[in-house]
Amino acid sequence: MPLVVQDLRKTYPNGVRALDGISLTVGAGMFGLLGPNGAGKSTLMRTLATLQLPDSGSIHFDDIDPGTGRGDRIDVLKQPDRLRRILGYLPQEFGLYPSLSAEVTLDHFAALKGVLDGRQRKALVTELLQQTNLFDARKKAVGSLSGGMKQRLGIAIALAGSPRLLIVDEPTAGLDPTERHRFLNLLAEIGQEIVVLLSTHIVEDVRELCQAIAIIDKGRVVLSGDPRQIVETLRGKVWRRQIDKRELPALQASHQVISTQLLAGVPVVHVYADTAPSGFDPLEPDLEDVYFYQLAHGERRAAA
Ligand code: ADP
């Protein structure tokens, strides 16, 4: 497996335990790291990107050359420079010079990444602009680009060094649905070539496009695997019923409530149970049910 993370732990000086024994195995393709705010996703991403050190644990990356197929194992914490050479990282927030055009910005980054030959760099910049669907906007000032375009430029920059591992931290926050869709499809395409690690708190981001996901909460992996198989673990155990809002406290006391949602303006509750609770209908579970169930009751189930 390309990326193997073992028992990572990190407690910040203020006492917050952000990583509480994270172990993960990330294969080829697009891997989704799903968790609520504060779960430890950014801490993990920054640690993988060699920007901060954990207190303990290990990270290894199998750097396979696509040309020769030959591989080399990088001990990321001991050899951060080796990982940096093959890493693309898009942090949650990044600043660019607003008055420079997308094309000039990308040209600068390509030069920084060591593409010094002018013609080669121009070809690379054109290719990256096309790949990220920014070619028509290449002359626009970065400051005038939409949120989605800026994120795609961030990806183009991250790809300029021909990475073999791409880490993208919460990239879809603030994007409208069309832009989000386009951005995720771009990542999925890139995931066909290299390892892509995407963190998000939005279930929909990982549902369709990720071959594997891990749900993390309070610095721990609470569930991981193929999202389709993960959903199967709840088959036959999720039930729903329309409710009156006033019923909710009593239901929460007597049932394992997964979520309450409005369906065409009417509150509908999803509950977890081995057999049908009275008055409830069976429901085909989806990843959102798994996610909310894990966050609300995961430890209870693990302890059962
Ligand atoms: P996520 O990306 O899932 O929202 P983070 O890794 O940002 O999670 O944060 C995990 C926990 O660590 C949170 O409680 C957060 O407040 C805390 N935290 C993050 N960075 C720091 C820091 N530099 N110093 C102290 N606490 C931090």
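Read the numbers this way: they start at 1 and go in the same order the structure lists the ligands and their atoms. The figures that follow rest on heavy atoms only: side chains count, while hydrogens, waters and symmetry mates do not.
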Check: Near E208 CD, under 6.0 Å, is it more than 12 heavy atoms from other residues, nucleotides or ligands?
Finding: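 Atom CD in E208 is not crowded, with 12 or fewer foreign heavy atoms closer than 6.0 Å.
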Note to self: Surrounding CD of E288 (heavy atoms of other residues, nucleotides or ligands, distance under 6.0 Å), is the total greater than 12?
What the structure shows: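 Counting neighbours around CD of E288, more than 12 heavy atoms of other residues, nucleotides or ligands fall under 6.0 Å, so yes.
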Margin query: Considering both backbone and side-chain atoms of K41, is one of its nitrogen or oxygen atoms within less than 3.5 Å of a nitrogen or oxygen in ligand 1?
Written below: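 Yes; the residue has a nitrogen or oxygen that sits under 3.5 Å from a nitrogen or oxygen of the ligand.
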Margin query: Is there a polar contact, in the sense of an N or O pair closer than 3.5 Å, between G40 and ligand 1?
Written below: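 Such a contact does occur with ligand 1.
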For [X], take its heavy atoms, then give the atoms of ligand 1 lying under 4.0 Å from any of them.
{"X": "V16", "result": "11 (C), 12 (O), 14 (O), 17 (C)"}
{"X": "S42", "result": "1 (P), 2 (O), 6 (O), 7 (O)"}
{"X": "N37", "result": "4 (O)"}
{"X": "A39", "result": "1 (P), 3 (O), 8 (O)"}

Check: Any chance the side chains of S42 and Q92 put a donor and an acceptor closer than 3.5 Å?
Finding: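 Yes, because at least one side-chain N or O of S42 sits under 3.5 Å from a partner of the opposite role on Q92.
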Check: Taking atom types as modelled and ignoring hydrogens, do the side chains of T50 and Y89 form a donor-acceptor contact shorter than 3.5 angstrom?
Finding: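 Result is no, nothing qualifies.
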Next item on the list: Identify which one of Y272, F280, Y293 satisfies the ring-ring contact (aromatic ring centres under 6.0 Å, His included) criterion when paired with H255.
Entry: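 Option passing the ring-ring contact (aromatic ring centres under 6.0 Å, His included) with H255: F280.
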Note to self: Tell me the contacting part of T43 for ligand 1: side chain, backbone, both, or neither, using a 4.0 Å heavy-atom threshold, strictly below.
What the structure shows: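 Both backbone and side chain.
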Margin query: Test of understanding: given a 4.0 Å heavy-atom threshold, classify the contact between P36 and ligand 1 as side chain, backbone, both, or neither.
Written below: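 It is the backbone that touches ligand 1; the side chain stays farther off.
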Starting from [atom], what is the nearest protein heavy atom, named by residue and atom, and what distance separates them?
{"atom": "atom 10 (C) of ligand 1", "answer": "G38 O, 3.4 Å"}
{"atom": "atom 25 (C) of ligand 1", "answer": "N14 ND2, 3.2 Å"}
{"atom": "atom 23 (N) of ligand 1", "answer": "Y12 CE2, 3.6 Å"}

Next item on the list: For residues D72 and R82, report the shortest heavy-atom separation together with the two atoms involved.
Entry: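 Minimum heavy-atom separation between D72 and R82: OD2-NH2, 2.6 Å.
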Next item on the list: Examine distances only and state if a side-chain atom of N185 and a backbone atom of R182 form a donor-acceptor pair shorter than 3.5 Å.
Entry: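 Judged by distance alone, no pair lies under 3.5 Å.
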Check: Within the structure, does at least one protein heavy atom fall under 4.0 Å of atom 16 (O) of ligand 1?
Finding: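 Answer no: nothing from the protein, no heavy atom, is under 4.0 Å.
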Note to self: What I want to find out is whether R73 reaches D63 closely enough, with some N-O distance under 4.0 Å, to be called a salt bridge.
What the structure shows: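 Salt bridge absent between R73 and D63.
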